[in-house]
Structures are given as C-alpha cells and as structure tokens.
Number of protein chains: 2
Amino acid sequence: MPEPEPPPPQPELTFLLGMGFQLLLAEFDARVAERGYGDLRPIHGLAFQALRPAGATSSELAARLGVTKQAAGQIVDDLERRGYVRREPHPAGGRRRLVVLTEAAHRHLAVAGRVLHALEAELGDRLDVSELRADLERLVGVLADGRPLPPLRPVW
Amino acid sequence: MPEPEPPPPQPELTFLLGMGFQLLLAEFDARVAERGYGDLRPIHGLAFQALRPAGATSSELAARLGVTKQAAGQIVDDLERRGYVRREPHPAGGRRRLVVLTEAAHRHLAVAGRVLHALEAELGDRLDVSELRADLERLVGVLADGRPLPPLRPVW
DNA sequence: TCCGTGAGTAAAGCAGCTTTACTCATCCGT
DNA sequence: ACGGATGAGTAAAGCTGCTTTACTCACGGA
C-alpha cells in the first residue's frame, strides 16, 4: 500500500492551543451574554481594558488594539452610540479627543471579570490551572523572544 | 479615592491561550511561507487534512471545516485553480464530485508537518511541552464536556 | 411517476476591516 | 511671525471571507 506522508503523531500543540482558546473564549462569551451583554464582542472588552484607567485618544486605542485608527474610530462611534464611551475634549488640546468609559462600561468590566474568575476557578477544580498558566507564560515568553507582545487579534 | 473595579490579577488564562496560539501559529505560518507556501492560509492546511485520506465531497468538507457548503465550494474552486486539488466524478454517482488532493498538496502537507514538529522540538528545549500538551488536553476535555470538538475557526 | 432529499451553484449581502486621500490644529525651527 | 512638518481625526471606497437566499439538478423510493 502507498505511504503518502506521516500523519500528525498526536493532537498537535498548535491545535490544542487554538481549540482551548476557542472553547474557553466561547464559554466566557456565552456567560457574559447571559448576563445581558450579548451586544459586545471580545474586541469591545479589549477596548474597554485599553481605555480603563484614564481614557485615551482613538489613535492610542488603535495602537493598543492593533488596528488602523479608522477602524478604532468606527469602534468608538459604535460604542458611543450605545452608551459605553463618551468623547471629551482632550486636556492636551489640539485636535485630540479623549475617549472615556461610561458607568455602563465599568459595569461590564466588573461583570466580565467576575465571570472570568469564576470560570477559571471551576477549571481549577478539574485541572492544575496554575501549572498550565506557568507553562503558557513560558511558551509566550519563548515565542515573543524579548519583543513586546503584539495585540491579541482574531488570528487568521 | 474611587475604587472602580478590581484589575485582572494576573495574565489571564484566556489571554495566555490566545496569545500562545497567535504567536505559535504566526511562527509556523512564517516558516511554511519561507518554504514557498506563502499563498496558503491556515484554512487551506485544515482543508488538506480534511481531504487527506480519500478525498471528500465539498459538502463533507464544509461540515469538517465548519463553514457553509458555498464557502467550501469557493475554497475548492480556489485550490483547484492553483493546482492543489482536483474534482473527480464521485464513485457513488449522483451529482456528487469527489475532491482529491494533488501531489502539490501532499508535498505541502509533508513540509508543514516537518515544520510543525521542528518547531515543537525547539520549544521542547526550552519548556516542558509534554506537560503543557497534557494540561491542554485536559482543558479541552473539560470544556468540550463530552461533546465532539467543533471545527477550529478564527475565533472572533 | 412524482416527490423528496441532498449535492452543487449563483448571486447578493454583510461585517470588519484596510487603503487612499483629505482636513485641521498645534508645534518647532528659522 | 511664518511656513512647514507632525500627528489627530474623518471620509469614502475597496476588499476578504464569509453567510443568506434562492435556484437547479440527479437520484432514490413510495
């Protein structure tokens, strides 16, 4: 019989990472949606975190999210229409405008944080999460190879 | 001073999974591209794997990739134009057509396999990959909760 | 024979971006 | 004081990789 090419020997590490991320994020997203935030995608949560401490301009937001400033501007437009952010005059003046979170966004961050920690705690009952976390930190450290981590993006 | 919400305590597990996947896939993709396959995206590799043993109809391919049959049809059209697959009459007749891999696709699978294993071997020199793999298998098992694993998709 | 079923195709629509091309306000060097 | 250069923001079109809607066609069985 013909022997075309060796099959992947085990579940590939790359595959497992992707599948783990996909399943965990899906579960997180479903639970957050259950709590009334079905209108927010992961990128919105990342935007909230990027804006958390004191706000930012949409150009700064663009850099932190790894998208163009036009895309960031569209995200901010969308979030503003839905009451999650406000645009305020920028203290440094110029053409800048400071994008800041509203109370609604802070409430979402609090809920999302609680959901995430509850989820990790549940996982902690079934496997050694701290070992996994330590291994992943090493993996990320090795692959980043001294460079700063790029923004987290939809991958492909 | 106001105390808005607790900051995430550590690098979140979800974040680390996503970042690990993103970095590892990017490195894999770059190395495969260096070997002359810059024209193939991850979805094409997944399609090759789904078609490997004896080919499949494009509807079967759609199911395995988790996309509509129209999307699978477009992927097949694209791969056919570029010489990675052929459409043959289906032995079971009907309107079906069997999509099979050409030698070019088998060569790509062989190259991609070697690159992936080399990459994992390099990581193995710097961290305990088998422990990580075992942890990830447990994580995926817990999150899948008895259900079959869904197709791997771009996540968000 | 006719109908149901499932494969495949065609065309339009859509989300979420990027690219290209600008407008403005401020800053800095002369 | 002035004339760029710089960087924020906006506008509009384009693009990719899908989905949705709507068919056509071949076969299989009642």
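These figures come from a predicted structure and were not determined experimentally.
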[Y] and [X], any side-chain heavy atoms less than 4.5 Å apart:
X       : Y        : answer
B/Leu61 : B/Val99  : no
A/Leu23 : B/Leu149 : yes
B/Leu40 : B/Arg82  : yes

Between B/Ala92 and B/His90, the two heavy atoms sitting closest are N-ND1, 2.9 Å
Note to self: Can you work out whether B/Arg153 or B/Gly93 has the more 5'-proximal nearest nucleotide on DNA chain D?
What the structure shows: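 On the 5' side of the pair lies B/Arg153.
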Specify the separation, in whole Å, of atom [atom1] of [X] and atom [atom2] of [N].
X        : N      : atom1 : atom2 : value
B/Arg97  : D/dC27 : CZ    : C1'   : 17 Å
A/Leu61  : D/dA8  : CG    : P     : 13 Å
A/Trp156 : C/dC17 : CH2   : C1'   : 18 Å
A/Asp77  : D/dT10 : CG    : P     : 7 Å
B/Glu88  : C/dG8  : CD    : C1'   : 17 Å
B/Gln74  : C/dC14 : CD    : C1'   : 13 Å
B/Arg96  : C/dT9  : CZ    : C1'   : 17 Å
A/Glu80  : D/dG9  : CD    : P     : 12 Å

message: Taking atom types as they are modelled, would you say the side chain of B/Gln70 forms a donor-acceptor pair with the base of D/dT21 within the 3.5 Å cutoff?
response: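 Yes, a donor-acceptor pair under 3.5 Å.
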Check: Between the side-chain atoms of A/Arg95 and the base atoms of C/dT23, is any donor-acceptor pair under 3.5 Å?
Finding: yes
Nearest listed nucleotide, side chain of B/Thr57, among C/dG8, C/dC17, D/dG17 =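 Looking only at side-chain atoms, B/Thr57 lies closest to C/dG8.
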Closest to the 5' end of DNA chain C, once A/Lys69 and A/Arg41 are matched to their nearest nucleotides, is A/Arg41
**Prompt:** How do A/Val67 and A/Gly94 order along DNA chain C: which one's closest nucleotide is nearer the 5' end?
**Reply:**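 Between the two, 5'-proximity favours A/Val67.
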> So what does B/Thr68 touch, heavy atoms closer than 4.0 Å: a base, only the sugar-phosphate, or nothing?
Replying inline: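 Base contact.
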Exercise for review: Please work out which of the three classes, parallel, tilted or perpendicular, describes the rings of B/Tyr84 and B/Phe48, given edges at 30° and 60°.
Suggested key: tilted
Using only side-chain N and O atoms of A/Arg87, determine if any of them is under 4.0 Å from OP1 or OP2 of D/dT10.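 Yes, such a contact exists.
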